[in-house]
Chemist: 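Below is one structure. I have some questions about it.
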2 protein chains.
Amino acid sequence: MPNISMKMLAKELQLSLSTVSKVFTDSHEISEQTKQKVLALAKQLNYVPNPYASSLRKRKSKTIAVVLPDVADSFFSVAINGIESVARDKGYHVLIYLTHELLDRERAILSEFQSGRVDGVLISISNETTTDCHITDMMQRGVPVVFFDRVCEETPTTRITTNDRESGQLAAQHLIDAGCRNIAFLSISESLPISRNRLAGCRQALSAQRLPFGADNVVMCTDDEAENVQIIARLLQRPDRPDAIIASVEKLTAAVYLACKQEKVSIPDQLKVISFSNQNTAAILNPSLTTITQPAFNMGKMAAETLFTSLRKSHLPLKAETLVVPSTLIVRESTGK
Amino acid sequence: MPNISMKMLAKELQLSLSTVSKVFTDSHEISEQTKQKVLALAKQLNYVPNPYASSLRKRKSKTIAVVLPDVADSFFSVAINGIESVARDKGYHVLIYLTHELLDRERAILSEFQSGRVDGVLISISNETTTDCHITDMMQRGVPVVFFDRVCEETPTTRITTNDRESGQLAAQHLIDAGCRNIAFLSISESLPISRNRLAGCRQALSAQRLPFGADNVVMCTDDEAENVQIIARLLQRPDRPDAIIASVEKLTAAVYLACKQEKVSIPDQLKVISFSNQNTAAILNPSLTTITQPAFNMGKMAAETLFTSLRKSHLPLKAETLVVPSTLIVRESTGK
DNA sequence: TTTATTTACGAAACCGGTTGCGGGAAATAG
DNA sequence: CTATTTCCCGCAACCGGTTTCGTAAATAAA
């Protein structure tokens, strides 16, 4: 009895259920006079239609899923802002799911979407994800997918990325210009395109200058910050200690600074540091951090807009293309002097 | 045709629809043999039941809403982690909505929940929210609500908070112990209990020491960082410049550091700073930042657990009580020397 | 006046599961 | 050899909107 239904509106107004329903779709079959009566009562009773009844019949949920490795990350949380702003605008609802970088969770989450729960999915894959069959399976079931940031390059759908390769190149070039000759690249995955492309760009910049860049220059990090501090500390203890570090993702920043403090390595005198990061504390770090800042809000927004456009005209499937929103190099003290 | 339904399973196995349905509820009315047959085919075809059909009939959605002012905030993003972990565990789905500190949006969002879209709501109110009628309305429609962090103290439901008052006191006492006598408190709202309680604790600590703390010592900030920098800069230009600042929320931290840099005020020599913050960059700021760190994950987790417990036994409404998870003072350099 | 058309609304099927109830067959009891 | 119970399963109503189709009344066209 708590919630009011169309049936109750209909009975109250001596109208049929279907007439009331048609009022809410603003059908031309209903006279203006009747519409006003129904809408007036609906407003008075604060009527809100049951979304699931509608979803069931219309076979669309007006809901999308956002699947992320983690939300405690400036990039992802700002991207959510972008997504939510578009969704609200278009009248969509947003379900959020976290994989915590686990492929199994990612699979389990996506498998639930084969039943109409969502009209589409925005996903940034986990760093364990090297195959895409769980994603293509879902697409074949009719659930459109748009990747953002952490994409699967071979999956035939739209991908929103930033210019990872150019950014890696830009970062390395910036360090070279600052006089660095032995640059270490901190990675979190060998398979993720963002990692690989940023690394590739970095490598390209170095080889263009005929600077050496071997396997030793690439350091694989983990998901555990304390562990990363140790990994970086060992890097700093090497006889051929690097004179610069590129942190390929935001969450490695703290580990770099902490390892430097621990090993008494001074930034930027002994080591220059640049990080891919959206942290708004970059400017107030000690020293302030030079960053490659990704357009998180716009990437989220664009991913959502792309998906909604495809949903509106569902005969038009998502093109297998990569849309690139460029990042920005923000030079601060950590690469200065 | 893409999605398979129970009807298709039933036809394939020469069983009735209801029999198949009962298999999935593990009904005692169905023989073990039949169950195995149905489950085997379901697994083979990768059958996933339509959640909205079920929601419609059972009048429960297995979905909750999380309503937040913003997600680009360490506290909220970590709290989401806590919420999501519990939700996943209990088989619930999480819809996310952002108010951007706008009461109107908060109202619009909640008004949609009167129709069975969600079984319950977790909310942290906007700083414009001073009345709770949009919330009590929803509760009266049968949608349970649990507040977390930014609560409405007078609304008769469960609230999860941290010990804001004691934390404010602790922060002030810590500054007093460090020799400060003229403490400024940066607030973001006159009405939010978190702001008021933190301020009250601060005031209490000062009056206990017979130290003055008037209206001038409380500085109201805005939602715009550049503006906040100016506000704080003006504060630092006062003839009776404070010797300490308490930033009552995380997002004020950067403004404080930037204003100090701009005004060439040295932390902690000329000004000690303590901030309510969950930022993991606190330790690598210059100087590292003393924080009151809130148990974000556990608060989110507890809010979700409380809601789910109430949902499981729906005859037991949520008690109008406040559950307190204590914060931690982490002393670093910004209050040192 | 008759026929064609438009307008405004209702009846009923439908979306895909859920659930109360009824009944036939086999098993146990009397 | 009946009477009762138990075990399995199907029928059908139901959740709350959506949509197709039919139709009576009003209006236009012939």
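Chain naming here is simple, since letters A, B, ... match the order of the sequence lines and numbering starts at 1 in each. Fair warning: this is a prediction, and the values are worked out from it, not measured in the lab.
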Chemist: Between A:H28 and A:K22, is a side-chain contact (heavy atoms from CB on, under 4.5 Å) present by the stated rule, with each step listed?
Modeler: CA-CA 8 Å; A:H28 65 276; A:K22 286 170 188 171; over 6 Å; no
Chemist: Check the distance between C:dC9's P and A:Q36's CD and give it to me in whole angstrom.
Modeler: 12 Å
Chemist: Should the ring pair B:F24 and B:Y47 be called parallel, tilted or perpendicular, given that the plane angle runs from 0 to 90° and is split at 30 and 60?
Modeler: tilted
Chemist: Looking at DNA chain C, which of residues 11-21 of chain A put a heavy atom within less than 4.0 Å of it?
Modeler: A:Q14, A:L15, A:S16, A:S18, A:T19
Chemist: Looking just at side-chain N and O atoms, do B:D119 and B:S61 make a donor-acceptor pair shorter than 3.5 Å?
Modeler: yes
Chemist: Under 4.0 Å between any heavy atoms, over every strand shown, what does B:T34 touch: base, sugar-phosphate, or nothing? Just pick one.
Modeler: sugar-phosphate
Chemist: Taking NE2 from B:H28 and P from D:dT6, how many angstroms apart are they, rounded to a whole number?
Modeler: 11 Å
Chemist: Compare side-chain N and O positions of A:S31 against OP1 and OP2 of C:dT7 and report whether any pair is under 4.0 Å apart.
Modeler: no
Chemist: For residues B:R159 and B:T322, is any side-chain donor paired with an opposing acceptor at under 3.5 Å?
Modeler: yes
Chemist: Going by distance alone, is a donor N or O of one side chain under 3.5 Å from an acceptor N or O of the other, for A:T155 and A:D132?
Modeler: yes
Chemist: Is it the case that the ring center of A:F75 lies less than 6.0 angstrom away from the ring center of A:F297?
Modeler: no
Chemist: Any side-chain N or O of A:Y47 below 4.0 angstrom from OP1/OP2 of D:dG17?
Modeler: yes
Chemist: Which comes earlier along DNA chain D counting from the 5' end, the contact point of A:N50 or that of B:E32, where each point is its nearest nucleotide?
Modeler: B:E32
Chemist: Any side-chain N or O of B:R59 less than 4.0 Å from the OP1 or OP2 oxygen of D:dG16?
Modeler: yes
